[in-house]
Amino acid sequence: MPQTLFTNVHVFDGVNEQRMENASVLVEGNLIKSVSTDAIDAPNATVIDGGGRTLTPGFIELHAHLMLMGPTLPAMEANTTWEDFAIHGARMAEMYLMQGFTTVRDAGGANGGLRRAIDAGQIDGPRYFPSGAFIGTRGGHADFANFTAPPGSETNMSRLNLAQEISGVDDVYKFARNNFRMGATQLKFMQSGGVVSAFDPWQLLAGSPEEIRAAVQVANEYGSYVMAHSYRKEAILSALEAGVMSIEHGFSFDCEIAQVMNEKGAYITTNLTAFDPGLLDIPAVANVPSSLAKAKSASATFAGYIDNMKECPVKRGFQTDCVGSVEACNIQIAYEKKHLNNEFFGPYTSMVTLTSTGGEVVALSGDFMNPYSAGKLGVIEEGAYADILLIDGNPLEDFSVVGTGDQWFGADPRPDSPETIRLIMKDGVIYKNTLE
């Protein structure tokens, strides 16, 4: 198999707080064959001199919506076709890869087609873990139907299996199994409400314990797991009790929740934009009285998250949760990295969140639903997948080198790929190389 030898690099392996200095990394095929501070003998390898740069695992986004282009949920329901979703998804996939994300978990609204196209080399994109349709109740956070649509009516989102309305355990069985049939690698259950959505208070406790357990049962049948959109403490604890392994958002997180999560080996991903000082000025919030009221109430309730996460840390993955244009999501990703992740938790924790923790989460999809089970993701070690970045500088000291932004709304468009990320390799294939 072809070999690529990286020399003269400092390795952040995704786990350890200190870099491995003056190291070499040998890639054979699509896997890492060797990592060493000694010279590696590979006479037939293509040699890439890292020039003292930092070699890291490719980044992992754990909560994206590559198919949802916005600008609003009603617009997607009433005025979009499968072509619109597909074209947007393809552009989003390429954007994520060029931002250094070699793996993306889609948190609802995408089936298996985009992954097949990426893996077949038809389009450029990251490794892709879709969840199929959002599963949720009438009036909940997966209810994208028009205002006057009667219960159970077919919608644009249900026809395309982007979102499905459930009423009872039998519906959960039907739509959850159909999601796996359509290419999902895990399931997404919409348990709480939202802020900018139309019908649902964020405090909503949607889905009975029996319905959530039914989703977990189906996921277990496939050797996979459930991720749950959960805001309130009661929602988070009931999801964990039902067997949910990935809490999404989890804004009411506290030390009691941390204890349960650690006992069950569960994970959390949180879009830290929820704690941004300018949250109430976002047009989608400020211009809609009901959303503004919900945002004010939510902000007051969620105020303890950062301190609680520092006091009682759990395994936390990176998420952006952007719905909108490719250009807007590019800006939001960069802002989530720096002003929020790094400002709140520091560079080392942020790098772990972007790499090894993400690799652990996507591996929960199991031995036969995981389409990338030949090696680990999110780490630089022997036998891991060759998903690799070469970055100018040391992100453990200057986090800006991973491609960060200081502004969210109103920011200038960002480059297609951060200049400081000099090389992007996924699955042993180089997609970007600006080294001399």
Worksheet entry | Lys315 vs Glu360, salt bridge (Lys or Arg N to Asp or Glu O under 4.0 Å): CA-CA, chis, key distance, verdict | CA-CA 9 Å; Lys315 292 287 186 82; Glu360 292 176 18; 2.7 Å; yes
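- Counting only distance, with no hydrogens or angles, the side chain of Ser299 and the backbone of Lys296 share no donor-acceptor pair below 3.5 Å.
- Not less than 6.0 angstrom separates the ring centroid of Phe189 from the ring centroid of Phe134.
- At a threshold of 4.5 Å between non-hydrogen side-chain atoms, the residues Leu160 and Phe85 count as touching.
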For Val314 and Met309, run side chain to side chain contact (heavy atoms under 4.5 Å, CB included): C-alpha distance rounded to whole Å, both residues' side-chain angles, the deciding distance at 0.1 Å, then the answer.
CA-CA 7 Å; Val314 296; Met309 185 61 69; 4.0 Å; yes
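- Partners of Tyr96 under the ring pair (Phe, Tyr, Trp, His ring centres under 6.0 Å) rule, at least two apart in sequence or in another chain, are Phe101.
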Discussion item. Run the salt bridge (Lys or Arg N to Asp or Glu O under 4.0 Å) test on Arg19 and Glu397 for me, step by step, so that the C-alpha distance in whole Å, both residues' side-chain angles and the decisive distance to 0.1 Å come before the verdict.
Written reply: CA-CA 11 Å; Arg19 297 184 306 175; Glu397 295 177 354; over 6 Å; no
Would Gln259 and Asn262 count as a side chain to side chain donor-acceptor pair (under 3.5 Å) here? Give the steps. CA-CA 5 Å; Gln259 181 178 351; Asn262 288 326; over 6 Å; no
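- With His65 contributing its side chain and Asp106 its backbone, the two residues share no donor-acceptor pair below 3.5 Å.
- Other residues, nucleotides and ligands contribute over 12 non-hydrogen atoms within 6.0 Å of the CZ atom of Arg177.
- Thr349 places no side-chain N or O within 3.5 Å of a backbone atom of Gly346 that could act as its donor or acceptor partner.
- Taking a 6.0 Å sphere around CD of Glu419, one finds it holds 12 or fewer heavy atoms contributed by other residues, nucleotides or ligands.
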Checklist entry - Which is it for Asn271 and Thr320 under the side chain to side chain contact (heavy atoms under 4.5 Å, CB included) test, yes or no, and what are the steps along the way? => result CA-CA 5 Å; Asn271 48 320; Thr320 307; over 6 Å; no
- Take Glu210 and Arg213, measure what salt bridge (Lys or Arg N to Asp or Glu O under 4.0 Å) needs, and give me the verdict at the end. CA-CA 5 Å; Glu210 293 77 15; Arg213 284 198 295 269; 3.7 Å; yes
Using residues 408-417 as the side-chain source, report each donor-acceptor pair under 3.5 Å to any protein atom, sequence neighbours left out, with the distance given to one decimal.
unit_1, atom_1, unit_2, atom_2, d
Arg414, NH1, Thr404, O, 3.1
Ser417, OG, Met98, O, 2.5
Ser417, OG, Lys432, NZ, 2.8

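- For Gln18, the CD atom is loosely surrounded, since the number of other residues' heavy atoms within 6.0 Å does not exceed 12.
- The local environment of CD in Gln407 is crowded, with over 12 non-hydrogen atoms from other residues, nucleotides or ligands closer than 6.0 Å.
- Side-chain contact annotation: Gln332 with Glu336, donor-acceptor N/O pair under 3.5 Å absent.
- Judged by distance alone, with hydrogens and angles left aside, the side-chain atoms of Asp200 form no donor-acceptor pair with the main-chain N or O of Ser192 at under 3.5 Å.
- The environment of CZ in Phe147 is sparse: at most 12 heavy-atom neighbours from other residues, nucleotides or ligands sit within 6.0 Å.
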Give the C-alpha distance, both sets of side-chain angles, the deciding distance and a yes or no for side chain to side chain contact (heavy atoms under 4.5 Å, CB included) between Tyr231 and Ile236. CA-CA 7 Å; Tyr231 282 17; Ile236 297 170; over 6 Å; no
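- Ionic pairing of Lys33 and Glu382 is not present here: no N-O contact between side-chain nitrogen and carboxylate oxygen is shorter than 4.0 angstrom.
- Looking at Ser297, its side chain never comes within 3.5 Å of a backbone N or O of Lys294 through a donor-acceptor pair.
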Take Asp276 and Thr273 through the side chain to side chain donor-acceptor pair (under 3.5 Å) test and state the conclusion after the steps. CA-CA 5 Å; Asp276 184 72; Thr273 44; over 6 Å; no
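- Asp13 contributes no side-chain N or O that, together with a main-chain N or O of Ile380, makes up a donor-acceptor pair within less than 3.5 Å.
- For Asp427 and Arg127, the salt-bridge test passes: some basic side-chain N is under 4.0 Å from an acidic carboxylate O.
- With sequence neighbours left out, the ring pair (Phe, Tyr, Trp, His ring centres under 6.0 Å) criterion links Phe180 to Tyr222.
- A distance-only check finds a donor-acceptor pair linking the side chain of Ser224 to the backbone of Thr185 [under 3.5 Å].
- Annotation: Lys310, atom NZ; neighbour count of heavy atoms from other residues, nucleotides and ligands within 6.0 Å is above 12.
- Checked against the 6.0 Å centroid criterion, the rings of Tyr305 and Phe275 qualify as a close aromatic pair.
- Within the 4.5 Å cutoff, the side chain of Val323 has no heavy atoms near those of the Met69 side chain.
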Between Gln122 and Arg116, does a side chain to side chain contact (heavy atoms under 4.5 Å, CB included) hold up when you go through it step by step? CA-CA 9 Å; Gln122 294 176 319; Arg116 291 197 299 271; over 6 Å; no
